[in-house]
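The model shown is predicted, which means the values in this text are computed figures rather than measured ones.
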Amino acid sequence: MSDARWPGRDVISIREFSRRDIETVLREAQRIRPNPDLLRGRVMASLFFEPSTRTQLSFASACERLGAGVIGFSDVQSTSQAKGETLADTIRMAERYADVIVIRHRWEGSARLAADVAGVPVINAGDGANQHPTQTLLDLFTIRQYLGRIDGLRIGLVGDLRFGRTVHSLATALTRFEDVSLRLISPPNLRMPESVLRELEGRVDYQEQEALELEGLDVVYVTRIQKERFPDIEEYEKVKGAYVITPPIVREQLREDAVILHPLPRVDEIHPDVDGLPQAKYFEQAGNGVPVRMALLKLVLLGEDGR
Ligand code: NCD
């Protein structure tokens, strides 16, 4: 069934996604194939005001594979913002140059502001510590790829649950599924924000703890301590290196068919020797950024029935 809301839709927060919306994206990502005619003549503006490797490259790759052009920047110093231009004015320009805008910015709410200003669809590629909805869609795609389902899973979120936008979006998305249980593992000062916990209430069974206990989990989602978001660097120094997943921990605590994910980049929270273990799926996860972002671009530009 076609969904009239897709063409022109903004992707700002995963809160705006019903289960049906999530299923639509995952299904589209499953079947979409490179096709240089699909988005031929379209242009994506890629506005990265914060550093990015995977998100930026996989959006660009998704465009190339569907025949769309890419304009944009990844270095704020090279833009007129360095001369004092406002974000709203930059967006007013981008909407005249492009059919879809992808934005990453350190301000929470920046993508919403861009969507309010722009007449073309805006996709949030990360706004400060707030949301990262496209990462969540590829996380869910990867979980289903390896475990065949999302309902009923026991999922551990490990690390910086306070500033990590990927875990905020993922936790919210999991409320759309049945019988999920969450183990929230973090240092006491990096706990999941109350606002997200309130969303979990009554929908996802969760427990918070400091100890790195992974037994019984189907998915372990590890995150980097978000150094750049700490108001006080001394606070960061106290928690850096709080968790390091090593091969003995994986072998002793996890089943072979459990899955370890990480949005990347990692610093030291997963030892490189874990990479060769059967549970390590974070590089495959990063690869899934391409089909999932191809699906999103197709949906917001052409809708479900677009060919
Ligand atoms: C994440 C981000 O930017 O929030 N990276 C990503 O998009 N894959 C996680 C991080 O930076 O730690």
Side-chain angles (χ1 to χ4, degrees), residues 49-55 76 104-110 125-132 135-136 139 154-172 174 181-201 204 206-217 219-254 258-275 277 279-280 282 285-286:
F49 296 91
E50 262 197 338
S52 173
T53 302
R54 278 147 290 274
T55 306
V76 188
R104 167 173 289 192
H105 197 288
R106 70 187 162 81
W107 294 342
E108 299 190 13
S110 51
D127 63 325
N130 187 33
Q131 281 270 319
H132 196 346
Q135 177 71 40
T136 292
D139 296 340
R154 287 156 299 174
I155 300 176
L157 306 181
V158 179
D160 187 349
L161 309 187
R162 176 176 170 196
F163 295 119
R165 54 195 172 198
T166 65
V167 281
H168 300 162
S169 294
L170 181 57
T172 297
L174 291 171
S181 67
L182 273 180
R183 200 176 296 169
L184 304 173
I185 302 174
S186 75
N189 59 337
L190 297 183
R191 288 177 51 211
M192 188 64 96
E194 282 297 330
S195 56
V196 180
L197 294 180
R198 271 198 303 274
E199 288 181 58
L200 299 179
E201 243 25 277
V204 167
Y206 71 87
Q207 73 184 61
E208 298 183 272
Q209 63 179 66
E210 189 175 357
L212 186 65
E213 292 159 349
L214 310 178
E215 286 95 350
L217 293 174
V219 178
V220 180
Y221 191 100
V222 188
T223 63
R224 174 178 72 87
I225 310 279
Q226 309 278 298
K227 180 179 182 183
E228 68 278 24
R229 309 227 187 272
F230 280 69
D232 176 0
I233 195 69
E234 277 178 31
E235 209 192 332
Y236 168 74
E237 294 293 337
K238 281 188 218 146
V239 287
K240 78 170 187 205
Y243 301 114
V244 182
I245 312 275
T246 60
I249 291 177
V250 176
R251 285 200 197 94
E252 282 158 29
Q253 301 197 31
L254 287 179
V259 170
I260 303 173
L261 301 180
H262 190 310
L264 303 177
R266 75 171 144 189
V267 182
D268 54 7
E269 57 280 354
I270 300 182
H271 192 282
D273 288 350
V274 172
D275 299 357
L277 300 180
Q279 296 91 342
Y282 26 91
Q285 177 189 6

With sequence neighbours left out, what residues match Ser52 under side chain to side chain contact (heavy atoms under 4.5 Å, CB included)? Phe48, Thr55, Gln56, Arg104
Residues that Pro248 engages under side chain to side chain contact (heavy atoms under 4.5 Å, CB included), provided they are two or more places apart: Thr246, Glu252
Residues forming a side chain to side chain contact (heavy atoms under 4.5 Å, CB included) with Asp268, sequence neighbours excluded: none
Going by salt bridge (charged side-chain N to carboxylate O under 4.0 Å, His left out), name the pairs with one or both residues in residues 184-197, residues two or more places apart or in two chains. Arg191-Glu194, Arg191-Glu208
Determine the minimum heavy-atom distance between Leu214 and Gln253, stating which atoms define it. N-OE1, 2.6 Å
Over 12 non-hydrogen atoms of neighbours within 6.0 angstrom of CD in Gln207: yes
Mind checking whether Tyr221 and Thr166 have side chains closer than 4.5 Å, heavy atoms only? yes
Partner set under salt bridge (charged side-chain N to carboxylate O under 4.0 Å, His left out) for Glu199, not counting sequence neighbours: Arg15
Under the criterion side-chain contact (heavy atoms from CB on, under 4.5 Å), I'd like the reasoning laid out for Phe230 against Leu190: C-alpha separation, chi angles, the key distance, then a yes or no. CA-CA 10 Å; Phe230 280 69; Leu190 297 183; 3.6 Å; yes
Single hit among Leu157, Ile155, Leu200, Asp139 for side-chain contact (heavy atoms from CB on, under 4.5 Å) with Leu174: Ile155
Nearest 0.5 Å, please: how far is NE2 in His132 from OG in Ser169? 8.0 Å
Approximate separation, where rounding is to 0.5 Å, of Leu277 CG and Leu254 CG: 9.5 Å
Between Ile270 and Arg266, which heavy-atom pair has the shortest distance, and what is it? O-NH1, 3.3 Å
Check Ser181 against Arg154 and note the closest heavy-atom contact, atom names and distance. OG-CG, 3.2 Å
For Arg224, which residues count as a side chain to side chain contact (heavy atoms under 4.5 Å, CB included) partner, sequence neighbours excluded? Gln226, Glu228, His262, Pro265, Val267, Glu269
Check the pair Arg165, Asn130 against side-chain contact (heavy atoms from CB on, under 4.5 Å), reporting the backbone distance first and the verdict last. CA-CA 5 Å; Arg165 54 195 172 198; Asn130 187 33; 5.7 Å; no
Given the rule in the side-chain contact (heavy atoms from CB on, under 4.5 Å) test, do Thr172 and Thr136 qualify, once you have shown the distances and angles that lead to the verdict? CA-CA 9 Å; Thr172 297; Thr136 292; over 6 Å; no
If you compare all heavy atoms of Pro187 against all heavy atoms of Gly159, which two are closest, and at what distance to 0.1 Å? CD-O, 3.7 Å
Assess the residue pair Gln285 and Gln135 against the criterion (side-chain contact (heavy atoms from CB on, under 4.5 Å)); give the C-alpha distance rounded to whole Å, side-chain angles, the decisive distance to 0.1 Å, and a yes or no. CA-CA 10 Å; Gln285 177 189 6; Gln135 177 71 40; 3.8 Å; yes
Flag the pair Ile233 / Lys227 as yes when at least one side-chain heavy-atom distance between them is below 4.5 Å, and no otherwise. yes
Kindly give the heavy-atom pair with the smallest separation between Ile185 and Leu212, and that separation in Å. CG2-CA, 4.2 Å
What distance separates Ile225 CD1 from Tyr236 OH, expressed to the nearest 0.5 Å? 7.5 Å
Value rounded to 0.5 Å, distance of CE in Met192 from CZ in Arg162: 13.5 Å
Where is the tightest heavy-atom contact between Tyr243 and Glu210, given as atom of each residue plus distance? OH-O, 2.6 Å
Side chains of Pro193 and His168 in contact at under 4.5 Å (non-hydrogen atoms): yes
